[in-house]
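Structure, as structure tokens:
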There are 2 protein chains.
Amino acid sequence: MTARRPTIDDVARLSGVARTTVSRVLNDGPNVRDEVRARVMEAVKALDYKVNPQARSLAGGGSRLLGLVFASDLESEPNSFYHSALELGALRGCLELGYQLVTRHIPLQSADREQQVYDLIATQRCEGLIFTPPYSDDAALIAEVLRRGCRVVSISPGGAGRDLADGVGMDDEAGGYDIARRLIELGHRRFAFMGGIEGHLSADRRLDGLIRALSEAGLGASDLIKVRGDFTFRSGVELTPRLLDDPLHPTALVCANDDMAAGALSVVHGRGVKVPQDLSVTGFDDTPVSAIVWPPLTTVHQPLKDMGRRAVALLASRLTGGRAEAEPEFNCLDHAVVERGTAASAP
Amino acid sequence: MTARRPTIDDVARLSGVARTTVSRVLNDGPNVRDEVRARVMEAVKALDYKVNPQARSLAGGGSRLLGLVFASDLESEPNSFYHSALELGALRGCLELGYQLVTRHIPLQSADREQQVYDLIATQRCEGLIFTPPYSDDAALIAEVLRRGCRVVSISPGGAGRDLADGVGMDDEAGGYDIARRLIELGHRRFAFMGGIEGHLSADRRLDGLIRALSEAGLGASDLIKVRGDFTFRSGVELTPRLLDDPLHPTALVCANDDMAAGALSVVHGRGVKVPQDLSVTGFDDTPVSAIVWPPLTTVHQPLKDMGRRAVALLASRLTGGRAEAEPEFNCLDHAVVERGTAASAP
DNA sequence: ACGTGAATTGGAAGCGCTTCCAACAAAGGC
DNA sequence: GCCTTTGTTGGAAGCGCTTCCAATTCACGT
């Protein structure tokens, strides 16, 4: 039983067409009769045929190289799970689809950051780039990259970038709404929100969702206090006292990511406030952080690995699939509230 | 400037040999005169030639599929950084070297866990397997996999597995020694150690290192208390009170991984003990956890991503390189004590 | 000097796929 | 009814590499 994997020729033989035609079907090429297309697909299914990405990329020409661009400074956070998860997903996608990946961390404060991006295209010959926030919100940058003939996918784009290129993300507004809704069900009426840096559009949308849920429950601006952090644990630590001491006395603290929620938790413990009895705290993203704080964090799951993989798939479909010139599309992935131990009935 | 990447034929032409010979040199094949080998290498360098992994794998035959085997139950810890980091490294390696990777989580308690491993070979046709602990300590399993013609690399192997197959890891004993040494320098004389599960060899070696450092400093068994956890945050939380209440009154708590240290930290805070003024706490691994606890954790960096990549490289060298039948070798990667905020002078 | 086997080198096929180009059929336009 | 256009299909080359096999060289033993 030398179960050799079926090749494109096996499919061609079984469906009675030429190899060329099978290739066309597989790549959503034009000029194939529906009847033939169906017959080929049937053979593909019958044989459980999978294209060999190595062979495809060898034959296909081009560099088959994609770039993943982060804004962070690798030195300062070499181990961020956000980055790892996205890269992990992107790598899996590349392996499946026969692409190579280069990951580049280009700090926002680099004077020549745009140039570094263009070098990825000119020198490294990337055929597609994946931008993470806040690069994914930089319409001018995206437009210029596209102008140079390089494809783009934006991760969690917030603004204008969304109309220029394909995007992948979750519905941040709905995520904010869902977690708020849950807290309202638990009887909470006084809220605090710890947001992200100015201009981080996707984090701002989580706040929009929170506000919508509040207003549906008959609550308004006077029932919510807001602060801005920078997504780090540290900023969570620094901002929490201000929230706790506010005359509003919130019973629920909604954070725009898990790291800040973890920071808040550590301050709260220090003050003897009981979580979740006295105060509910929620995170966002569902990174491993949520499992290693005490109590484990109730949060919103963001499918980072899937996002990375989808981003590669979108790039691939632009590059070889039938979507070469299609309208930009946004892939919205499912999120889910993950109930752990930091959200309970209002005191 | 159509800077096409150089191919093997360019190298062959420049060095005045046949393509076949270049291929031999590149793959550490036998039967090439040293003089020719040098000439080819020179051309490689001059052209900055890199083999095209896609082409190589197409031509090379075989499935070019590697498997990464974890013992964990994916359901229970879908987001562990330990797993992500190892997979990330392995994935990078595969992309560079033209291999495919399947990642499989096979819980230790599965009745048919061995069978699941063998299926990876028989059904999926993996040519090489990477075992993580504690599979990497299972000599019988490794021997059987090898017998079936599949290559093996062990991650952090502790015992007999080390002699059967190639291994990748760090010097755990030295890691334990280094962190203990640092604490001793800081004046600590009474220690607590929070270890891992019974039989996890690599974690036990960290304790060995600690003990060696103590004895060099003239300290002995009466200056150290030990407990065993299971590497989870939770177990850190549960075990810490016992350590704090011990009559020895340790001033330094050395943990066998970061998660348990994080658990310890949260208990310590709750009791009003100041870290690091009253108590020093150290972790192990340098996962992102170490940056999101307060104060940030002093720990030992374990190069997990590099380990994943090295594992793939070792497998590759067995599969196509000249090391087909070489003696098993252990790749020991560098570790480093990372000083953050949880270790200070003894009170 | 000649044969022999081992070491070294080159030629050529072919891995599984895409794509250029030619072939052919169907559909209109005059 | 013939020529062009458009749509659909197949033939064949070739991507960059490994590897089988044949050719050549080399070092000895006789």
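Lettering of chains follows the sequences in order, A, B, ..., and the numbering in each one begins at 1.
Classification of B:K45 and B:E42 as a salt-bridged pair fails, no side-chain N sitting under 4.0 Å from a carboxylate O.
With B:F70 as the aromatic partner, B:R104 does not meet the cation-pi criteria of under 6.0 angstrom to the ring centre and within 45 degrees of the ring axis.
Protein atom CZ of A:R56 is 11 Å distant from nucleotide atom C1' of C:dG16, rounded to whole Å. For the pair B:I8 CD1 and D:dC15 C1', the computed distance is 13 Å after rounding to whole Å. A straight line from CG of B:N52 to C1' of C:dC15 spans 13 Å, rounded to a whole angstrom. Rounded to whole angstrom, the span from the CD atom of A:Q100 across to the P atom of D:dC15 amounts to 19 Å. Note: CG (B:D10) to C1' (D:dG16) measures 10 Å, nearest angstrom. Atoms CD (A:Q54) and P (C:dC15) sit 16 Å apart, rounded to a whole Å. Distance, A:L58 CG to C:dT19 C1': 14 Å, rounded to whole Å. One can place CG of B:L26 at 6 Å from P of D:dT18, the figure rounded to the nearest angstrom.
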* Asked: What is the per-nucleotide protein-contact pattern of nucleotides 9-14 of chain D, from the 5' end, where B denotes a base atom under 4.0 Å from a protein heavy atom, S denotes such proximity for sugar-phosphate atoms only, and - denotes neither?
  -> BBBBBB
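Environment of CG in A:D9: crowded, with over 12 heavy atoms of neighbouring residues, nucleotides or ligands closer than 6.0 Å. A 6.0 Å sphere centred on CD of B:E35 holds more than 12 heavy atoms belonging to other residues, nucleotides or ligands.
At least one donor-acceptor pair under 3.5 Å links the side chain of B:S15 to the backbone N or O of B:V11. Between the side chain of A:D137 and the main chain of A:G158, a donor-acceptor pair closer than 3.5 Å is present.
Among the heavy atoms of the strands lying under 4.0 Å from A:S23 is at least one base atom, whether or not backbone atoms are also near.
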